[in-house]
Amino acid sequence: MSFHPRMDYAPAKFHQSARALPEEGEPFAYTPENQAKFDACVKRYPPDQRKSAILYALYLAQGQQGSLTRAAMDHVATQIGCTAAEVEDVVSYYTMFFTKPVGKYVLYVCRTLSCALVGAERVTEELEAALGIQRGETDPDGTFTLVEVECLGACDRAPVVMVNDGWQERLSPDRVRQFLDDLRARGEASLSGCHLCKER
Ligand code: FES
């Protein structure tokens with residue numbers, strides 16, 4: 001049994017792959033629907049605190065094209081009224097933002113203490129073996145991206161894997177392959193839910 005053989009807080013593979021320096025990309029602007037969502041969100045803040053909407057602005061941009069190009073980040077900077085460097089600071093800090101295309105399902109395996117104590121590292125190793133990739137990488141057909149993250153706030157259901165915006169709780173290594181098959185077959189409907197809103 002391994003127990004966090006590497007607790008590097010800036011895994012090289014992660015930064016070399018999904019969190020690489022952004023490419024310029026095609027010219028970017030919000031769709032009318034996303035522009036309306038952004039405008040509704042930013043109204044909640046005083047005009048001099050428009051920057052408070054930056055996470056939502058980035059979330060919309062990433063949702064629109066799958067990852068964040070330089071052009072998308074420049075668009076967010078214009079919308080928010082800040083510099084491109086400030087947007088890049090935020091993007092490089094949060095693990096949920098990607099500067100390179102990711103798979104249809106992003107598997108965020110929690111590696112913090114509660115999950116580590118009940119086998120998160122072995123879950124990650126089994127995911128790597130089943131998918132033929134390492135943490136930070138995307139499988140060849142673009143279905144799964146595997147990343148490690150810190151506490152997801154569901155420690156009582158450890159080990160926890162967030163899948164896009166959904167959750168799989170208490171995932172044991174021996175159930176990893178079935179978990180992947182279920183995701184391929186039924187998508188996020190196969191997930192066990194979230195301890196905050198859905199019990200099974
Ligand atoms: S330690 Fe894994 S969810 Fe909190």
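First listed ligand is number 1; within each ligand, the first listed atom is number 1. All figures in this text were calculated on a predicted structure; none of them were measured in a lab.
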* Apply side chain to side chain contact (heavy atoms under 4.5 Å, CB included) to L180 and T143, showing your working. => CA-CA 10 Å; L180 294 173; T143 304; over 6 Å; no
* To do: Start with the C-alpha distance between R135 and E125, add both sets of side-chain angles, then the distance that settles salt bridge (Lys or Arg N to Asp or Glu O under 4.0 Å), and finish with yes or no.
  => CA-CA 9 Å; R135 52 206 88 186; E125 290 168 353; 5.0 Å; no
Would you mind running through ligand 1 and noting each atom that sits below 4.0 Å from a heavy atom of [X]?
X    : result
T112 : 1 (S)
A154 : 3 (S)
S114 : 1 (S)

* Report yes or no: does C151 have an N/O/S atom closer than 2.8 Å to atom 4 (Fe) of ligand 1? =>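 For C151, the answer is yes, given that an N, O or S atom comes within less than 2.8 Å of atom 4 (Fe) of ligand 1.
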* F28 and side-chain contact (heavy atoms from CB on, under 4.5 Å): which partner among M73, R70, Q65? ->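 Of M73, R70, Q65, side-chain contact (heavy atoms from CB on, under 4.5 Å) with F28 is met by Q65 alone.
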* **Step-by-step salt bridge (Lys or Arg N to Asp or Glu O under 4.0 Å) determination, K51 to E86** => CA-CA 10 Å; K51 283 184 193 173; E86 287 174 302; 2.8 Å; yes
* **atom 2 (Fe) of ligand 1 to nearest N/O/S of C155 less than 2.8 Å** =>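 Not a single backbone or side-chain N, O or S atom of C155 is under 2.8 Å from atom 2 (Fe) of ligand 1.
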* Of all the heavy atoms in G153, does at least one lie under 4.0 Å from an atom in ligand 1? ->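 Yes; G153 lies near enough to ligand 1 that a heavy-atom distance drops under 4.0 Å.
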* Side-chain touch V102/V147, heavy atoms, less than 4.5 angstrom ->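 They are not in side-chain contact.
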* Would you call E150 and R111 a salt bridge, taking side-chain N to carboxylate O under 4.0 Å as the test? ->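 Judged by the 4.0 Å cut-off on N to carboxylate O distance, E150 and R111 do form a salt bridge.
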* Asked: Which one holds for C110 and ligand 1: side chain close, backbone close, both close, or neither close, with close meaning a heavy atom under 4.0 Å?
  ->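 The answer is the side chain.
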